[in-house]
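Here the structure is laid out as structure tokens; the discussion comes afterwards.
Here the structure is a predicted model, which means the values were calculated and not measured. Index from 1, following the sequence.
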Amino acid sequence: MERYAGALEEAMDGARQQERHYQLLSALQGLVKELPSSFQQRLSYTTLSDLALALLDGTVFEIVQGLLEIQHLTEKSLYNQRLRLQNEHRVLRQALRQKHQEAQQACRPHNLPVLQAAQQRELEAVEHRIREEQRAMDQKIVLELDRKVADQQSTLEKAGVAGFYVTTNPQELTLQMNLLELIRKLQQRGCQTGKAAL
């Protein structure tokens, strides 16, 4: 009798899982209609069905939320680093202007053209250094964000989320961003719990 009850429970669980899969798939199909047609064509029924299967237990929603929080922290940290650099540059420029003004005020009139030419060269050298430091910082930021994207792709691929793998192809990245947006919209609708109406 216990075997029968266990088998019945398994069958009911299977039926609930199948119904849940159908609900998620139906919701995904509805959301895909909001995407540009070029992306609708790239999201086959099989891809959406595989995505719905990956979303069944809610783990992927938690993973996506965690990745989003990590991304926001990374972006905030990089933004603050860039702001600090810009502030350092602003202070450097102010100090240089102050130094130049004091030197000009202390300079004898007949030496002023020579001093101004030297100051102009110094200013150009400082501005060149500032541009190089800003360029290096921007490159560092881009590389860090690219690494973060690759980490996210790898994590989602390992979690079995359809359509995710490490790539730098712009079309594939856009498709993955659309898939993430679909997951986020389902999450916002409360679909991860299976209790809310789709």
>> If only side-chain N and O atoms count, and only distance matters, is there a donor-acceptor pair under 3.5 Å linking R90 with N87?
In response: yes
>> Is there a side-chain contact (heavy atoms from CB on, under 4.5 Å) between L67 and L156? Walk through the geometry before answering.
In response: CA-CA 9 Å; L67 291 173; L156 291 167; 3.9 Å; yes
When rounded to the nearest 0.5 angstrom, what is the spacing between [atom1] in [X] and [atom2] in [Y]?
X	Y	atom1	atom2	answer
I130	Q134	CD1	CD	7.0 Å
L31	N178	CG	CG	11.5 Å
M177	L182	CE	CG	12.0 Å
H110	L115	NE2	CG	11.5 Å
I70	Q152	CD1	CD	8.0 Å

> Are Q116 and H100 close enough, and set up right, to give a side-chain contact (heavy atoms from CB on, under 4.5 Å), and what steps lead you there?
Replying inline: CA-CA 8 Å; Q116 287 175 332; H100 286 181; over 6 Å; no
Partner residues of [X] under the side-chain contact (heavy atoms from CB on, under 4.5 Å) criterion, sequence neighbours left out:
X	result
E88	L85
Y165	E157, T167, E172, Q176
L83	Y79, N80, Q86
A159	I63, V161

Is any side-chain heavy atom of [Y] closer than 4.5 Å to one of [X]?
X	Y	value
Q104	Q101	no
R97	Q94	yes
L175	L43	yes

>> Set out, in order, the CA-CA distance, both residues' side-chain angles and the distance that settles side-chain contact (heavy atoms from CB on, under 4.5 Å) for D146 and T168, then state yes or no.
In response: CA-CA 9 Å; D146 285 347; T168 56; over 6 Å; no
>> Show every salt bridge (charged side-chain N to carboxylate O under 4.0 Å, His left out) that has at least one partner inside residues 65-79, sequence neighbours left out.
In response: none
> Going by the salt bridge (charged side-chain N to carboxylate O under 4.0 Å, His left out) test, which pairs reach into residues 98-127, not counting sequence neighbours?
Replying inline: R93-E127, K99-E122
> Apart from L143 itself, which Ile, Leu, Val, Met, Phe, Trp or Tyr residues share its cluster (side-chain heavy atoms under 4.5 Å, direct or through members)?
Replying inline: none
>> Other members of the hydrophobic cluster containing V91, with the 4.5 Å side-chain heavy-atom rule, please.
In response: none
What heavy-atom pair brings [X] and [Y] nearest, and what distance separates the two atoms?
X	Y	result
K148	T74	CE-OG1, 3.3 Å
L28	L48	CD1-O, 3.6 Å
L112	C107	N-SG, 3.6 Å
G160	A54	O-CB, 3.6 Å
T174	F39	CG2-CZ, 3.0 Å
A27	L186	CB-CD2, 3.4 Å

Which residues pass the salt bridge (charged side-chain N to carboxylate O under 4.0 Å, His left out) test with [X], sequence neighbours left out?
X	value
E62	none
R82	D138
D151	none
R129	E133

> Can I141 and E144 be said to form a side-chain contact (heavy atoms from CB on, under 4.5 Å), step by step?
Replying inline: CA-CA 5 Å; I141 289 170; E144 181 62 30; 5.8 Å; no
> Would V149 end up clustered with L73 when hydrophobic side chains under 4.5 Å apart are linked, directly or stepwise?
Replying inline: no
>> Same cluster or not: L180 versus V166, using hydrophobic residues (I, L, V, M, F, W, Y) connected whenever any side-chain heavy atoms lie under 4.5 Å apart?
In response: no
> For R16 and E19, what are the C-alpha separation, side-chain angles and deciding distance, and is it a salt bridge (Lys or Arg N to Asp or Glu O under 4.0 Å)?
Replying inline: CA-CA 5 Å; R16 279 193 292 268; E19 177 62 24; over 6 Å; no
N/O donor-acceptor pair under 3.5 Å between [X] side chain and [Y] backbone:
X	Y	answer
H21	L56	no
S37	Q40	no
Q153	F164	no

> Does a salt bridge link E181 with R184, judged by any charged N lying under 4.0 Å from a carboxylate O?
Replying inline: no
>> Using side-chain hydrogen bond (donor to acceptor under 3.5 Å, both in side chains), reason through S49 and T46 one step at a time and then give a plain yes or no.
In response: CA-CA 5 Å; S49 180; T46 303; over 6 Å; no
> For Q171, does the CD atom sit with more than 12 other heavy atoms under 6.0 Å from it, leaving out its own atoms?
Replying inline: no
